[in-house]
Amino acid sequence: MNDHQLAAQLATDAGRLLLTVRNELADAPQAERKAAGDKRSHDYLMTALATERPADAVLSEEGADNPVRLQADRVWIVDPLDGTREFSELDRDDWAVHVALWQAGELTAGAVALPARGITLATPTVAAPPEHPGPARIAVSRSRPPAVAQAIRDHLDGELVAMGSAGVKVAAVIQGAADVYVHAGGQYEWDSAAPVAVARAAGLHTSRIDGSPLVYNRPDPLLPDLVVCRPEYADAVLAAIG
């Protein structure tokens, strides 16, 4: 398998494993489901990457950060379970698995699996979102929308659309169910690497909220803010934030 195929296969298989965990622990407390999902998906991805790409480094949300990645030419950046809270609620389908490859300064492959929906979005070829003639739709969390999203809504005369994890929000923009996703409250590289790789393949705009590039595999994996949107909204979105 090439790197694109591997990213897609790993994200899909980890998602299937998570669905199994969810079924096995359907009667368990939510905290137990969360912990088991995080651990079993992480363990699967680490084992699979060690087998398929033994020379590559890995940065995972659920693993200890090995500084060897900073000297590596190829680093897999994975979130074994994006949206742990949503995963723990049995009626929710808005959670994801992220698998991305960083190579020599760039994201070169990525996949976002939405296991409960039976969907995996993966590089290298991702369809651009269909045209949307209505008001701009800004993807936000189901809890209180952040002020930055409300500012964009007001600037674009748009509307807020509530949904789950970061990967699900970016997937919504890719699939045409939303037009803009902005996050300013603190994220890490594994939260956005795979979604950004897939969004770029679909021709979407991706950046920091100040318009600067997103940079991955840094010593500090904190990457606190993010913009993913249809390219025709990029200037207005950045102006609203600024």
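Owing to the predicted nature of the structure, the values given are computational and were not obtained by experimental measurement.
Val198 and Leu226 fall within the same hydrophobic cluster, where Ile, Leu, Val, Met, Phe, Trp and Tyr residues are linked whenever their side-chain heavy atoms come under 4.5 Å apart, directly or through other members.
Side-chain contact between Ile138 and Tyr181 is absent, with no heavy-atom pair separated by less than 4.5 Å. Side-chain contact check for Val112 versus Val170: every heavy-atom pair is 4.5 Å or farther apart. Side chains of Phe87 and Arg22 form a contact here, defined as non-hydrogen atoms less than 4.5 Å apart. Counting only heavy atoms from C-beta outward, the side chains of Arg230 and Pro129 approach each other to under 4.5 Å.
Side-chain contact annotation: Asp154 with Gln150, donor-acceptor N/O pair under 3.5 Å absent. Defined by atom type and a distance below 3.5 Å, a donor-acceptor pair is missing between the side-chain atoms of Arg33 and Ser88. A donor atom on one side chain and an acceptor atom on the other are found under 3.5 Å apart for Trp76 and Asp56.
Checked by atom type and distance alone, the side chain of Thr12 pairs as donor or acceptor with a backbone atom of Ala8 at under 3.5 Å. Looking only at distances, a side-chain donor or acceptor of His183 sits under 3.5 Å from a matching main-chain atom of Gly186.
What you find for Met1 and Gln5 is that their closest heavy atoms are CA-OE1, 3.3 Å. The two atoms that bring Asp191 and His98 nearest to each other are O-CE1, 3.2 Å, heavy atoms only. Closest approach of Asp82 and Val168 over heavy atoms only: OD2-N, 4.3 Å. Shortest non-hydrogen contact noted between Ala166 and Gln187 is CB-NE2, 3.7 Å. The minimum heavy-atom distance linking Leu45 with Pro80 is given by the pair CD1-CA, 3.9 Å.
Note: Glu86 CD to Asp93 CG = 10.0 Å, rounded to the nearest 0.5 Å.
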side-chain contact (heavy atoms from CB on, under 4.5 Å) for Leu81 and Thr84? Distances and angles first, verdict last.
CA-CA 6 Å; Leu81 176 49; Thr84 309; 4.1 Å; yes

Legend entry - Working for side-chain contact (heavy atoms from CB on, under 4.5 Å), residues Arg218 and Glu189: CA-CA 9 Å; Arg218 300 161 308 135; Glu189 292 186 13; 3.3 Å; yes

Tell me, with the steps shown, if Val237 and His205 meet side-chain contact (heavy atoms from CB on, under 4.5 Å).
CA-CA 11 Å; Val237 168; His205 168 89; over 6 Å; no

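Under the 30°/60° scheme for interplanar angles, the aromatic rings of Tyr188 and Trp190 are found to lie parallel.
The salt bridge (Lys or Arg N to Asp or Glu O under 4.0 Å) test with Asp179 is passed by exactly one of Arg153, Arg137, Lys169: Arg137.
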